[in-house]
Amino acid sequence: MSDTPTPANPRSRVLVASLVGTTIEFYDFYVYATAAVLVFPALFFPAGDPTTALLASFAVFGAAMVARPIGAIFFGHLGDRLGRKTTLVISLLTMGIATFLIGTLPTYETVGWVATALLVLMRLAQGFALGGEWSGAALVATENAPEGKRAIYGTFPQLGAPLGFILANGLFLAIAALLSAEGADPTRPSEAFLEWGWRVPFLFSAVMVVIGLWVRLRLVESDVFTKSQDAGLVRKVPLASVVRNQGKQLVLGTFFMLATYVLFYLMTAFSLSFGTAAEDLAVPGLGYGYTTFVLMLIFGVVFFGIFTMVSGPLAEKFGRRRLLIAVTLGIIAFGFTWVPLVNAGNVGVMLWLVIGFSLMGLTFGPMGALLPELFPTSVRYTGSGVSYNVASILGAAVAPFIAVALWKQADGSPVLVGVYLSAMAVITLISLLIGKETRDIALEETQELATA
């Protein structure tokens with residue numbers, strides 16, 4: 001009989017469970033991000049100035065980011081005390097219900113400000129749920145990973161971001177094409193799409209949630225967490241413990257993620273606004289039709305997925321810190337290439353998207369292992385979740401809003417937006433230079449640190 005213990009969760013179950021949940025969560029989030037650009041300014045934020053309506057729509061988009069740290073604290077408390085599995089199921093249900101309900105909301109024309117208030121409420125629920133989703137999925141992957149493969153396993157929850165983007169935007173694209181009106185402005189959605197077509201991607205999320213729940217309910221707790229429970233290391237208030245004992249890791253983890261978040265939402269939410277804005281507006285954009293630019297985005301996001309997977313083996317070979325320092329330097333340089341790239345025609349715009357999303361994969365992929373490795377088992381869910389989601393306020397909550405304001409300030413040029421990206425990446429670079437490598441830290445060793 002073999003002396004090798006049978007893993008608590010088979011490899012295929014771990015990878016699928018960590019991937020499917022984040023794919024659904026990011027799908028739900030991207031569905032809103034796309035609608036925030038395409039239809040919500042007209043349906044929920046009517047204003048005489050289209051830029052003002054867009055900024056209002058993005059403000060609600062950012063409000064969900066503010067709710068994410070609250071969700072991280074709540075779900076982190078549950079995950080560090082009760083276990084990862086139960087918490088992941090609750091967060092997925094919360095996200096799915098909120099997204100489905102957005103698809104049923106009345107518009108401003110029907111009930112006035114009540115419609116906007118309900119949209120804000122559902123958006124806050126989305127952010128609250130996502131605050132607990134990512135760290136739980138990352139822990140399922142990394143706490144069940146074989147030795148020397150933690151960064152590789154950690155890329156699977158990260159892969160949910162590009163997959164969710166492709167699913168959400170692909171569905172929006174298909175519906176917009178089916179409901180397109182002959183002779184209509186290609187940069188504007190059709191009347192049928194504005195009336196009911198935009199609701200379909202939100203309602204469809206219910207089907208995906210059922211699939212995700214089926215996979216996650218088959219998980220069992222990892223040996224790492226079970227041993228922590230058996231050793232009596234579970235904390236009554238994980239947040240208090242992590243703030244008291246791992247405050248430096250919390251701050252560093254937050255700034256490790258800053259450039260990633262800013263790049264993430266500039267290349268998705270802002271780029272869609274910039275790419276589809278007409279060239280003759282007061283704040284001009286690139287003037288692409290919606291269908292054309294979303295196809296370009298999807299092509300770029302394929303590179304996001306590829307380089308997310310590539311980052312895992314690289315992070316194992318060179319270390320998380322060394323890889324991320326090199327990639328962050330690349331992001332700083334990338335910020336100064338925006339104007340020459342987008343002014344170089346179709347090829348230049350495509351290069352802009354491909355380079356941006358490739359850097360996104362390389363910086364986002366290692367975070368699935370790096371952030372959990374910063375914290376001991378007893379507070380790992382809370383610590384990694386708070387770092388990841390506080391960064392969402394500093395980066396993603398304000399990035400689209402600041403980007404639109406800078407775009408307007410520069411009279412339609414993205415030059416200031418690129419400089420903003422580079423400046424945020426400098427902050428991340430400084431934090432990486434201060435931080436230490438985590439590749440060779442065993443999760444059980446960090447568990448012992450909790451008793452110190």
Side-chain angles (χ1 to χ4, degrees), residues 4-23 25-26 84 88 133-165 215-216 219-225 253 256-257 260 264 301-328 330 357-375 377 380-381 384-385 387-388 432 435-447:
T4 303
T6 302
N9 292 294
R11 179 178 65 177
S12 59
R13 188 180 303 170
V14 168
L15 298 181
V16 171
S18 61
L19 173 61
V20 70
T22 53
T23 299
E25 300 281 1
F26 278 106
R84 299 14 176 160
L88 281 171
E133 162 61 30
W134 177 85
S135 48
L139 265 56
V140 165
T142 56
E143 289 185 345
N144 286 281
E147 184 178 354
K149 293 187 176 181
R150 210 157 51 213
I152 296 173
Y153 272 52
T155 59
F156 276 82
Q158 310 301 79
L159 193 59
L163 290 178
F165 182 94
V215 174
R216 286 189 166 175
L219 286 173
V220 297
E221 292 296 346
S222 67
D223 288 338
V224 171
F225 179 77
F256 288 168
M257 279 295 304
T260 302
F264 191 42
V301 170
V302 170
F303 287 84
F304 180 6
I306 291 171
F307 281 93
T308 296
M309 299 306 295
V310 167
S311 72
L314 291 177
E316 292 293 359
K317 181 176 181 179
F318 299 107
R320 290 75 159 123
R321 181 172 174 268
R322 188 184 300 178
L323 172 63
L324 287 170
I325 286 173
V327 176
T328 304
F357 281 117
S358 297
L359 288 168
M360 185 63 227
L362 289 171
T363 186
F364 190 55
M367 295 297 174
L370 174 60
L371 294 187
E373 289 168 350
L374 293 174
F375 303 96
T377 304
R380 185 171 294 132
Y381 205 127
S384 61
S387 291
Y388 182 86
L432 288 167
K436 297 181 180 179
E437 179 57 54
T438 60
R439 175 181 57 181
D440 298 323
I441 294 177
L443 296 186
E444 289 77 8
E445 289 177 9
T446 56
Q447 171 184 309

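Just so it is clear, the model here is predicted, and its values are computed rather than measured.
Distance OG1/Thr328 to CZ/Arg321: 11.0 Å, rounded to 0.5 Å. Atoms CZ and CG, from Arg322 and Leu314 in turn, are 12.0 Å apart once rounded to the nearest 0.5 Å.
Residues Leu370 and Phe256 have side chains in contact (heavy-atom distance under 4.5 Å, counting atoms from C-beta outward). With contacts defined as side-chain heavy-atom distances shorter than 4.5 Å, the pair Arg84/Tyr381 qualifies.
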Table please: side-chain donor-acceptor pairs of residues 302-310 below 3.5 Å, with sequence neighbours left out.
| unit_1 | atom_1 | unit_2 | atom_2 | d |
| --- | --- | --- | --- | --- |
| Thr308 | OG1 | Phe304 | O | 2.7 |

List, one per line, each side-chain donor-acceptor pair under 3.5 Å for residues 153-163, sequence neighbours excluded.
| unit_1 | atom_1 | unit_2 | atom_2 | d |
| --- | --- | --- | --- | --- |
| Thr155 | OG1 | Ile152 | O | 2.6 |
| Gln158 | OE1 | Trp134 | NE1 | 2.6 |
| Gln158 | NE2 | Phe364 | O | 2.6 |

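Distance alone, capped at 3.5 Å, is enough to place a donor-acceptor pair between the Arg439 side chain and the Lys317 backbone. At least one donor-acceptor pair under 3.5 Å links the side chain of Arg320 to the backbone N or O of Ala315.
Contact between Gly365 and Ser311 at its shortest, heavy atoms only, is CA-OG, 3.3 Å. Between Thr22 and Arg216, the shortest heavy-atom contact is N-NH2, 3.9 Å. Taking all atoms of both residues into account, the shortest heavy-atom contact from Leu139 to Ser384 is CD1-OG, 3.8 Å. Nearest heavy-atom pair across Gly368 and Ala138 is O-CB, 3.7 Å. Of all heavy-atom pairs spanning Ala17 and Val215, the tightest one is CA-CG1, 3.6 Å. Here the closest heavy-atom approach between residue Val140 and residue Leu88 is recorded as CG2-CD1, 3.4 Å.
Looking only at atom types and distance, the side chain of Thr260 has a donor-acceptor partner in the side chain of Thr363 under 3.5 Å away.
Arg150 meets the salt bridge (Lys or Arg N to Asp or Glu O under 4.0 Å) test with Glu373; sequence neighbours excluded.
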